[in-house]
Amino acid sequence: MFKYILIIVLFLSTIFFAQTDSLEKIDTLAISDSLSEPTSFIKKVGDKSDGSRFHPVHLLKLYDEYGITIDPNDQFQQPFSTRQTCATECHNYSIISDGFHFNFNNSDIENSRPSEPWIYTDPTTLSMIPISYRKNNGTFTPDEIKLTNMKFLDRFGPYYPGGDISEMDSLQNPKNYFRWEVSGNLEVNCLICHDADTYYDKAEYAGNIRKQNYKWAAAASSSLTEFKGNASKMPDNFDPYNLTTVQSVDQRSSVPPSTKYDKSKFNSANKVFFDINKNISNEKCYYCHSSVVTDNNFNELWKRDVDVHLKAGLNCVDCHRNGLDHNITRGIDNHREEETSPFSCEGCHITQTDDGEPINGTLGAPIANHAGIPPIHFERIACTTCHSGSWPNGEARYVKSSRNHFLGMHGTNKAPNVFPHVQSSVFTESEESLIETRNLVWPSFWGSIQNDEAIPLSIEFIEDTIRPLLGLDSLFNFGDWPTISDSLLVGMLDTLQNFGSIQGRPAFVTNGNMFYLDNNELIKSETDRGKAYSWPVAHTIRPAVKALGANGCHDCHSVNSPFFNGKVIVVSSLNSETGETLSMSDFENRSQLYQSAFSLTFFFRPWLKVLIILSAVIIMVIVAGYAIRGFREISKLTLVSKHEKGES
Amino acid sequence: MTFRIITIVVYILSSIWVFRLVKRNNLSIKDFSNYFWNSLKVSWKDMFKLKSMSLNDNLQTIRSFVLLITLLEFKVMAITGFLTIIFTGVHLTGLLLLIHVTVAPLISISFAVLVILYAHTNRFDNSDLSYIKEIEAKRGTLNISGQLKLIFWSIAVLSIPAMLSIILGMFPLFGTEGQKNLLEVHRYSVLMISVLVIFYIGLLSVNNKQILNNK
């Protein structure tokens, strides 16, 4: 009897301890602030700081996309999945993957500030289309030009950090279903920013995206694997476990994607070390966010200045901070103003207090004095206008950026005038009526007129139909932007009219105008959709002694100052329309005539100062003279009066 | 915003004062403005007759001319300076700023000349002193002539911060906060000057009418 009781007690205690253990596990793994929180908001062990500044060592097991542990001795080795490896136990993937770098397609995100677009550039079809999933005013969404997510990744993927459009099945075009099955999903690549291993190869990542090796890309660019293969060349029925599916592929040029792990990196528990860093180095950011003005020094890095903040020892992430949600602060007033304002220019450099506590001077930032600059400047111009971008000279210069000129990739064209032609610094009035330094691009595209607006035609139609009809040279992606004659345009528009698939009247949009045929006559009219798209430039920040105005008011307020009179080229795809320029005042929404007249007053300003000071001194002397005389008279009278009283 | 409200209130109160003054002294608003323009026309014509007049008359003509020119310039400065503040609440800008900046050195010179020419006439004498004594004894108020003198010297004193505050801002001496403070000094001193100028013109018109009636 005692034996049975003992067995039952042991059995119950086993269950009890097992439950206690699982409870602890839940407590350790899922640190939720509230039990009612949905699972997507549950913070895991690595999501909530205990206050220690110590950074934990990341010695981890690797998991593939199905959550199966990776063994380096497996016959068919699968790439590790960041979603499974980083998120299974430690980090909440759904919170992170809604961060600023991964939420392009989230229409709930308020985005009133224009940002750098992805520029679809094809000189063979005269197309230069600024694209943004974020629906920035002046850009086109990929949907508008029927650019599928896979096509978007083919073109811009090398600088795409994964997640969102490259991962969500609901966003994938059914037409590409089998291709997605082959390429796999491009999950959020945590390593692209957080892997401090110097072996981590972003150019390799970029190359793999180009080859549609989406699910392999993160692993392939790490130091843990040796990878080869090209998913884009694999047939739609490709199965990595069944090599008979690739029998038709010429394996001398295109091998199936295959991963081979470096066994020496695994310990006896099958764990590998990731050199994970929270304090992201600037070079990581530079891969996607480099830009270079193509002046005489543009190929000479040693001659170029770096941002004054970086030289002072700061990192990009010291200002562009984020929490678990990975919503990077952008140094601007936005919907997160309360939280982000200390990390803006004003937050650090202008005296501000919060209930008596200074919030300025973060990280030892010097407080800006701006001696001699009338306060109206701070109501009309952004900080970056004087402190960033290139020093203005006679005309805007071309600027190359990572995302649109594929900087940092293997085989990039290093010419200064590679397409697309983005002009900088263009001083432009912002949506908040502030003049700010911007980059600018002129859209050029084929479209159809619907409701008096030009709607771009689908990329597929342009590439398949218009490209052969135009017959432009496809060898060059640099030099002068190609142009066509009016007669060729008339011929093209005439031909397009006969295509039943085009709704509305065919049109061509370039240099801010749309061109269409009316009774076989070429008509030109302005269109908002053809206007130059510009976005603010925040870096490279120059110190006060190199800011606009350092030489005095005449940096901007002189009759020929580039600030108001600098030229911006109107890029046109029509031969007859080339050569036109606009002045900076046109973009600043200021009258050039007025600015010149106002600048003239600065010529007389030294005289104005002398005359007014002289007048003030004269008045002071007279007032003081009469005041002294008056006081003397009054005291004399008072003395007389006292004397008279004394006598009486 | 505060300055905008203060400016509007001050101008409304000043207008009410002028209206009441005009009514009390059987003047019309038209007379009030005609007086200014007619005087300007007369002194402009007199400026061409300087050679034919005595030294005393010459001085008187020049003085009136400078006074009227300064008032005209002040009118331009006040309109350009306060118009945007009253109607839009924003800083002076555009064409108005251009006019304001152009007239600024002219008014500073003419006001300095005006102070030179009128300082002696506007000095307080024994008669003013007796009035002050009466005021002390709560028996009466300063007469119009005394009030005009008091306003004249107040304007002269206020013109110093009004001029210096804006000109010092053009030198790299003051930072953003200092610049804002200088601008505030300029705004408030000029607002006070403009009110005093309204009082001055009002009292001057009444004074001239009284002189004419006595004649």
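Owing to the predicted nature of the structure, the values given are computational and were not obtained by experimental measurement. Proteins come first, then strands; the chains are lettered A, B, ... in the order of their sequence lines, and each starts at number 1.
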Quiz item: Which heavy atom in B/Q179 sits nearest to a heavy atom in A/P374, and how many Å separate them?
Solution: OE1-CA, 3.7 Å
Exercise. For A/A371 and B/L173, work out which heavy atoms get closest and say how close.
Key: CB-N, 4.4 Å
Quiz item: Which one of A/V623, A/I622, A/V621, A/I612 has the most heavy-atom pairs closer than 4.5 Å to chain B?
Solution: A/I612
Quiz item: Under the side chain to side chain contact (heavy atoms under 4.5 Å, CB included) criterion, do B/I167 and A/L608 qualify, and how do the steps go?
Solution: CA-CA 9 Å; B/I167 220 70; A/L608 176 117; 3.7 Å; yes
Quiz item: Rounded to the nearest 0.5 Å, how far does OG1 of B/T176 lie from CD1 of A/I373?
Solution: 7.5 Å
Quiz item: Can you say whether B/L164 sits under 4.5 Å from chain A via the side chain, the backbone, both, or neither, judging by heavy atoms?
Solution: side chain
Quiz item: With a 4.5 angstrom heavy-atom cut-off, which part of A/F604 approaches chain B: side chain, backbone, both or neither?
Solution: neither
Exercise. Answer with side chain, backbone, both or neither: which region of A/R605 has an atom nearer than 4.5 Å to a non-hydrogen atom of chain B?
Key: side chain
Practice problem: Could you tell me which portion of A/E379 (side chain, backbone, both or neither) has an atom closer than 4.5 angstrom to a non-hydrogen atom of chain B? | Solution: side chain
Quiz item: Got a donor-acceptor contact below 3.5 angstrom from the A/Y594 side chain to the B/G94 backbone?
Solution: yes
Quiz item: Hey, what do you get for CZ (A/F378) to NZ (B/K180), rounding to the nearest 0.5 Å?
Solution: 8.0 Å
Quiz item: Quick one: CG on A/L600 to CG on B/L98, what's the gap to the nearest 0.5 Å?
Solution: 9.0 Å
Quiz prompt | OH on A/Y626 to CH2 on B/W153, rounded to 0.5 Å | solution = 6.0 Å
Practice problem: Using a cut-off of under 4.5 Å on heavy-atom pairs, state which of B/R123, B/H120, B/E177 scores highest against chain A. | Solution: B/H120
Self-check item: Engaged part of A/F598 at the chain B interface, taking heavy atoms whose separation is under 4.5 Å
Solution: both
Exercise. Please look at B/L182 and chain A and tell me whether the side chain, the backbone, both or neither of the residue comes under 4.5 angstrom of a heavy atom of that chain.
Key: neither
Quiz item: Taking B/V101, B/V157, B/I109 one by one, which has the highest count of heavy-atom pairs under 4.5 Å against chain A?
Solution: B/I109
Self-check item: Residue among A/R380, A/Q595, A/R590, A/E633 with most heavy-atom pairs under 4.5 Å to chain B
Solution: A/R380
Exercise. Over all heavy atoms of both residues, which pair between A/K609 and B/F171 is shortest? Give the atoms and the distance, please.
Key: CD-CZ, 3.6 Å
Quiz item: Hey, what do you get for OG (B/S108) to CG (A/L614), rounding to the nearest 0.5 Å?
Solution: 8.5 Å
Quiz item: Which atoms of B/I116 come close to chain A, meaning under 4.5 Å heavy atom to heavy atom: side chain ones, backbone ones, both, or neither?
Solution: both
Quiz item: For the atom pair CD1 (B/I107) and CG (A/L611), what is the distance rounded to the nearest 0.5 Å?
Solution: 13.5 Å
Practice problem: Determine whether B/M163 and A/I613 make a side-chain contact, defined as any pair of heavy atoms from C-beta on separated by less than 4.5 Å. | Solution: no
